[in-house]
A.B. asks: 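Encoded as structure tokens, here's the structure I'll be asking about.
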Amino acid sequence: MTVAERVALAPLTTLGVGGAARWFVEAGDEAAVRAACAWARERRVALRVLGGGSNLVVADGGVDALVVRIALRGLTHRERGGAVELTVAAGEPWDGVVATSVERGWAGLECLSGIPGLVGATPIQNVGAYGQEVSDTVVSVRGLDTATGEIAEIAGADCGFAYRDSTFKRETPGRFIVLAVTYRLRAGGAPTLTYGDVQRALAGRAPTLAETRAAVLTIRRGKSMTLDQPDDVNRRSCGSFFLNPIVEAARAESVTARSGDPAMPRWPQPDGRVKLSAAWLIERAGFTRGERAGAVGLSTRHTLAIVAHDGARTADVLAFARRVQDQVEQRFGVRLSPEPVFWGVA
Ligand SMILES: Cc1cc2nc3c(=O)[nH]c(=O)nc-3n(C[C@H](O)[C@H](O)[C@H](O)COP(=O)(O)OP(=O)(O)OC[C@H]3O[C@@H](n4cnc5c(N)ncnc54)[C@H](O)[C@@H]3O)c2cc1C
């Protein structure tokens, strides 16, 4: 195993800021992942797992850890109980998996088209968009338990999936290294058409999976939410920087009252709480798309995306994010939580 030293992480993240990994290794198979864990354990060095770096903010001072970049590849499938179970290695690019499933006529992932990153990260924050979440299809997650050194096969039902959340993120961060994920898909199934933007784009049609994927990609490109637009001024981001807050019903009432707008977007949740729109709150707190503070700012096409421009540093991103949080809190009494993971940030 070749462990490199002081490897710049900025080029390995989509935000493109931050310092170096003290130690760095790329793991192309399970044995390499195990070896990396052993290396870190023996030296009492912290271990961090890197996928596509699309949900990650690395401190300017870097991260004092062994960063393991996951490069395990491969897909297999089998038919089971009238469905297709697709097992994918953690290092496969996510959108390639979606494209393959759509080409083969397997429904279940089509609305998740165009999301950057690798398969191994999809269960971590229960990746979701346009009416689907991976929790709808994850059968099991194969992970290396770094606490015991054992391989665990964790059933989807035991992953504690919630909105952009899972037990991996919430309860045991860093404990499991995802090696592979199995998704249960519907061969010949119809696309999911529950999200307003997707319904509008495909109105009056009975779209195929491929047409649904194409519509989602078009919508996403219009919001600079794909990485295939190289000249886009909004290119460097982590996607949405803030989660939509989920608050108690009474708090939602008070936020509505403070906004003075009875039409404030709000979505009742099954547990009685209410999900609010972070983008709406940010705009009503006085921010506008494209607004900049030096080398960082909001995307010109998506209020929730904080964008880094030439010369940006992580400190600038964090200061801007804090200003957004403070201003929203002062105006509405709700503190927005960031969606990305932070490395090396105090
Ligand atoms: C333009 C853009 C649009 C986006 N749109 C969406 C969207 O619509 N919906 C959505 O949910 N997200 C979206 N995201 C966020 C991001 O793409 C997803 O969260 C994605 O799953 C992150 O994958 P990654 O491989 O890049 O993870 P990384 O950023 O590398 O890592 C993220 C976290 O997961 C952990 N991790 C990664 N791989 C593993 C593994 N194998 N085992 C254990 N832990 C691991 C890391 O340690 C880290 O804590 C978007 C991001 C961008 C830049």
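Computed from a predicted model, the values in this text were never measured in an experiment. Both ligands and their constituent atoms are indexed starting at 1 by order of listing.
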A.B. asks: For E26, give me all partners under side-chain contact (heavy atoms from CB on, under 4.5 Å), at least two apart in sequence or on another chain.
C.D. replies: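 Counting only residues at least two positions away or on another chain, E26 forms a side-chain contact (heavy atoms from CB on, under 4.5 Å) with R69, A71.
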
A.B. asks: Under 3.5 Å, is there a donor-acceptor pair linking the side chains of N244 and S277?
C.D. replies: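 Per modelled atom types, N244 and S277 side chains form no pair under 3.5 Å.
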
A.B. asks: Just say parallel, tilted or perpendicular for the rings of F241 and F342, cut-offs at 30° and 60°.
C.D. replies: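 F241 vs F342 ring planes: perpendicular.
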
A.B. asks: Could you list who else is in M225's hydrophobic cluster, with ILVMFWY side chains joined at under 4.5 Å, directly or through other members?
C.D. replies: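 Members other than M225 - counting any ILVMFWY side chain reachable under 4.5 Å - there are none.
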
A.B. asks: Any protein N or O within less than 3.5 Å of an N or O in ligand 1? List each pair with its distance, or say none.
C.D. replies:
residue  : atom   : partner : partner atom : Å
ligand 1 : 5 (N)  : R220    : NH2          : 2.8
ligand 1 : 8 (O)  : R220    : NH1          : 3.0
ligand 1 : 8 (O)  : R220    : NH2          : 3.3
ligand 1 : 9 (N)  : G128    : O            : 2.8
ligand 1 : 11 (O) : Q125    : NE2          : 3.1
ligand 1 : 11 (O) : G128    : N            : 3.1
ligand 1 : 11 (O) : R164    : NE           : 3.4
ligand 1 : 12 (N) : Q125    : NE2          : 3.2
ligand 1 : 17 (O) : S54     : OG           : 2.8
ligand 1 : 17 (O) : P116    : O            : 3.1
ligand 1 : 19 (O) : N55     : ND2          : 3.3
ligand 1 : 19 (O) : Q125    : NE2          : 2.8
ligand 1 : 25 (O) : G52     : N            : 2.7
ligand 1 : 25 (O) : L118    : N            : 2.9
ligand 1 : 26 (O) : G52     : N            : 3.2
ligand 1 : 26 (O) : G53     : N            : 3.0
ligand 1 : 26 (O) : S54     : N            : 2.8
ligand 1 : 26 (O) : S54     : OG           : 2.6
ligand 1 : 29 (O) : S54     : N            : 3.0
ligand 1 : 29 (O) : N55     : N            : 2.8
ligand 1 : 30 (O) : G51     : N            : 2.8
ligand 1 : 30 (O) : G52     : N            : 3.4
ligand 1 : 30 (O) : G53     : N            : 2.9
ligand 1 : 41 (N) : V178    : O            : 3.0
ligand 1 : 42 (N) : V178    : N            : 2.8
ligand 1 : 47 (O) : V49     : O            : 2.6

A.B. asks: Looking just at side-chain N and O atoms, do T192 and Q132 make a donor-acceptor pair shorter than 3.5 Å?
C.D. replies: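 Yes - a donor-acceptor pair under 3.5 Å links their side chains.
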
A.B. asks: Connecting only ILVMFWY residues whose side-chain heavy atoms lie within less than 4.5 Å of each other, what is the rest of V25's hydrophobic cluster?
C.D. replies: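 ILVMFWY cluster around V25 also holds M1, V3, W23, V33, W39, V45, L47, V49, L66, V68, I70, L72, L144, I151, I177, L179.
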
